[in-house]
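Computation of the quantities below employed the complete heavy-atom set of this structure, encompassing side-chain atoms and omitting hydrogens, waters and symmetry-equivalent molecules.
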Amino acid sequence: MNNICLKSEYLIFLITAIMWSQMPPELLAPLHPVTDTYHGVEIIDPYRYMENLQSPEVQNWIKLQAEYSSTELNKLKHKEAFLTRLLELDMGKEYRVYNIKRMKDESLFYLKIKSNENLPKLYYRSHLTAIEKLIIDPEEMSEGKTQHYSLEFYQPSPNGRFVVYGIAEGGSEQTIIHVYDMINNQDTGDVIDRIETAYNIPQWWNEQGFFYCRRQKLDENEPVTEIYKNTMTLYHELGEPVENDKPIFGRSLSSNVEMLDVDFPSIRVWENSNYIIGKIKHGDSSELTLYTILKDQIFENQVNWKMVCDVPDSVVSFTQFGEDIYLFSAYKAPRYKVVRTKMDQPDFTNAEVIFPPAELVYRYASRTKDRLYFSALDGGYNRLIEYDPITGNLHRLDLPENESAYIISSNTNHTDIFLRSASWIHAGRMQVYDHRKSTFEVLNLEPPGKFDNPEGLTSERVMITSHDGVQVPLSIIYQKSLQHTGKNPTILSGYGSYGSARSVYYRASRMAWLEKGGIIAIAHVRGGGEYGKEWHLMGQKSNKPNTWKDFISCAEYLIDKGYTSEQYLAGQGGSAGGILIGRAITERPDLFQCAIINVGCMDMLRMETTTNGVPNIKEFGSVKTREGFDALLAMSSFHHVVDGVDYPAVLSTHGINDPRVEPWFSAKMTARLQTATSGNRPILFRVDYDAGHGIGSTKMQRYEKQADIWAFLLWQFGQ
């Protein structure tokens, strides 16, 4: 294994690295080798010490990298032009509205961000055409603070008297609950920390209390791997001390519910149902375990939960109508099927099949007073299917074939839905659809934008033959006037984890790149969800190499067809997509001129030692088994960097407050590449000290990072 440092060679390695590297010598990280043995295999890690982010040595090195990268990026001639254009494109729409919640009295809550604002704020209207009222303003909260605050979620009470909302600082996702009183126009004083919102936001029981998920409290000396264990769902009564909150659903609370310490329990409450659903998410696995119980039994000391489905049933989503629960299952259905069963006597084995397995990929459903609306992928586009649970009648909503449609608000008290349509090259519309009239009407919640429908753009979706003959979708966006000269600046991005599909959507900000003659390409690689559960499993654990090999095949197609060439091609991936881009450039460094790695997972052998590592075992595997170790080593980019190879230019970006992927992943990969590369292309580490994984970042943070990335690419493309 010539790509793994041997203990006896590390001094020679360091001397050679300094000779190879084009970086200033003071930036090259010192080596302090540590040896691990996994199933008889020795692995030398020269940068293990970087995992201690509190170490002054590590902090100083990261600071030096951040300052150096900032200096280099600020020199780039295209940076200011990109930032200016991004702000101009943003100003093209006066404001944007999203995350709409419509109440039974027709009042509305929604998030809104104006073009001259940096963070979304929460607003209220008594009805659709009423004057809006500002409720929660994170920008005002952030004034005078070292780090900004962001609004992580909100949830109105059934009658809209109260709003429970979550605030986090500096993009950390360390959320604290507050409650706003709509009548008194102030917070109630209810404050709860250690909130887990990744899998369920708070659920109101009535106007006086709500259920919420909370992480366990740890002693200072306990390891970070314990943070996500023993999460509990509790009930909070407004005005009562938090320490008196009643545990409702969690480990060891019910004799007939089995739960591991790494499971995430939550509950789902429907206003018009007699039942409550207990949901168990097993780490970051998509398969759910569900239970049901009558509402009036939820506060009993020993709740007799009834199991609806378990992991082998491969249920990934659910909804309710009347006394039935609808389940989206991959059991004997590679692209999912939809079944339903009674909540009083759930029976998955004999559940009625509503939508049998088909070419469509069934994803989730939204419900109204008398209908269910199913979302399904059709060749990459999201379709909406209206279903009458009483008669069984259904039909697909009539929308343009080259657009995806997404429900943005529905309510069990109303018959209509709010939806948004979009394509890769235009913004589409916000609309209201009412099945009683079979009509679409414009939803006037946000104004049209100057750049919503730019002329001269086109997109195509082609099928690429991957390394093993499997056909992989590739979406390509560019100007109609583009010539296939092989010299077009091109960004190819991908993800390929958790069964997550790359959805069709429009961003006016892309115009800044496309106007430069650039191409944006999206590889829908295995490990994602474009073709259901089977597609996900084909890029998971020991099958993970398909993810980056699909990506490589997409890159080769773009080159073979003259869209671009190796000198003008950049690969990009973030978070779990760091595996994709990291392994693509370590397997085929000759194929890319540049790589952008955003908050990337780079050292997979050390993943499960982190806060978010244990929940990810279901997705990636564990080093504790030989099979898991082999799979993780194969996907670990850090361990496939080879000394003396001419690697592409790399820009790694990370927020120092990231709770999902520790910043040391990027630090270690940067250090390894800087010392290993034999070429003169830069390896930069861009650090944001007021950001995390990207969730909760301000608009200006996002645009400044994007301007840096695009300017970096044009620099390396010789422009």
Side-chain angles (χ1 to χ4, degrees), residues 101 103-104 107 109 122 124 135-136 138 141 149 151-169 173-219 227-254 257 259 263-280 291 293-305:
K101 298 184 189 295
M103 311 302 290
K104 58 187 175 184
S107 61
F109 292 87
L122 179 62
Y124 167 82
I135 304 300
I136 307 297
M141 296 178 184
Y149 289 109
L151 183 61
E152 300 293 291
F153 65 83
Y154 78 94
Q155 186 78 293
S157 60
N159 294 328
R161 164 69 193 273
F162 300 100
V163 181
V164 57
Y165 67 97
I167 292 291
E169 185 177 7
E173 299 178 59
Q174 302 304 307
T175 305
I176 297 177
I177 275 180
H178 301 266
V179 180
Y180 187 83
D181 185 333
M182 293 290 293
I183 292 180
N184 294 319
N185 298 319
Q186 62 183 16
D187 280 357
T188 63
D190 297 82
V191 178
I192 310 173
D193 62 1
R194 307 197 312 273
I195 297 303
E196 178 51 55
T197 60
Y199 305 114
N200 199 58
I201 63 173
Q203 300 280 296
W204 285 93
W205 170 246
N206 53 29
E207 288 297 311
Q208 293 301 314
F210 55 85
F211 302 100
Y212 65 96
C213 301
R214 197 181 198 193
R215 301 171 189 158
Q216 65 178 340
K217 186 175 183 179
L218 299 180
D219 295 332
I227 289 177
Y228 287 122
K229 293 183 179 179
N230 298 310
T231 299
M232 185 84 66
T233 295
L234 302 99
Y235 174 75
H236 178 70
E237 188 87 8
L238 295 184
E240 294 295 321
V242 174
E243 54 269 24
N244 293 346
D245 287 357
K246 179 178 176 58
I248 296 295
F249 193 53
R251 194 178 181 206
S252 303
L253 287 182
S254 301
V257 174
M259 205 177 299
D263 288 337
F264 292 98
S266 61
I267 67 169
R268 181 70 169 89
V269 181
W270 289 286
E271 184 181 352
N272 65 338
S273 174
N274 293 320
Y275 292 89
I276 286 178
I277 294 295
K279 181 181 79 172
I280 302 174
Y291 292 85
I293 189 66
L294 281 167
K295 274 186 175 179
D296 59 12
Q297 297 175 341
I298 190 63
F299 293 112
E300 293 180 358
N301 290 328
Q302 273 297 323
V303 176
N304 186 28
W305 293 94

### Query
Aromatic rings Trp305 and Tyr291: how do their planes relate, parallel, tilted or perpendicular, breaks at 30° and 60°?
perpendicular
### Query
Got a sec, which residues hit side chain to side chain contact (heavy atoms under 4.5 Å, CB included) with Val191, two or more places apart in sequence or on another chain?
Ile176, His178
### Query
Mind checking whether Phe299 and Tyr235 have parallel, tilted or perpendicular rings, split at 30° and 60°?
perpendicular
### Ring-ring centroid check Trp204 Phe211, cutoff 6.0 Å
no
### Query
What's the verdict on salt bridge (Lys or Arg N to Asp or Glu O under 4.0 Å) for Arg214 and Asp193, showing C-alpha distance, side-chain angles and the deciding distance?
CA-CA 8 Å; Arg214 197 181 198 193; Asp193 62 1; 2.5 Å; yes
### Side-chain (Arg194) to main-chain (Arg215) donor-acceptor, under 3.5 angstrom
yes
### Query
Between Thr233 and Ser266, which heavy-atom pair has the shortest distance, and what is it?
OG1-CA, 3.2 Å
### Task
Output the distance between atom OH (Tyr180) and atom OH (Tyr154), rounded to the nearest 0.5 Å.
14.5 Å
#### Entry: Contact summary for Gln155 and Ile201, nearest pair of heavy atoms
NE2-CD1, 3.6 Å
#### Entry: Exercise: identify the closest heavy-atom pair between Pro156 and Lys101
CD-CD, 3.5 Å
### Message
Working to the nearest 0.5 angstrom, can you tell me the gap between Thr175 OG1 and Tyr212 OH?
### Response
14.0 Å
### Task
Look at Glu207 together with Arg161 and state whether they make a salt bridge at an N to O cut-off of under 4.0 Å.
no
### Task
List the atom of Thr231, the atom of Pro265, and the distance in Å for their closest heavy-atom pair.
O-CG, 3.1 Å
### Query
Has Lys295 got its NZ or CZ under 6.0 Å from the middle of the six-membered ring of Tyr275, at an angle within 45 degrees of the ring axis?
no
#### Entry: Spacing of Cys213 atom SG and Ile192 atom CD1 [to the nearest 0.5 Å]
11.5 Å
### Task
Drop me the distance from Lys229's NZ to Phe264's CZ, to the nearest 0.5 angstrom.
11.0 Å
### Query
How far apart are the closest heavy atoms of Gly239 and Asp190, and which atoms are they?
N-OD2, 2.9 Å
### Query
Say you draw a straight line from CD1 of Ile280 to CZ of Phe249; how long is it, rounded to the nearest 0.5 Å?
4.0 Å
### Message
Checking Asn230 now: which residues fulfil side chain to side chain donor-acceptor pair (under 3.5 Å) with it, not counting sequence neighbours?
### Response
Gln216, Arg251
### Minimum-distance pair of heavy atoms, taken over all atoms of Ser157 and Met103
O-CE, 3.1 Å
### Task
Drop me the distance from Asn301's CG to Leu253's CG, to the nearest 0.5 angstrom.
10.5 Å
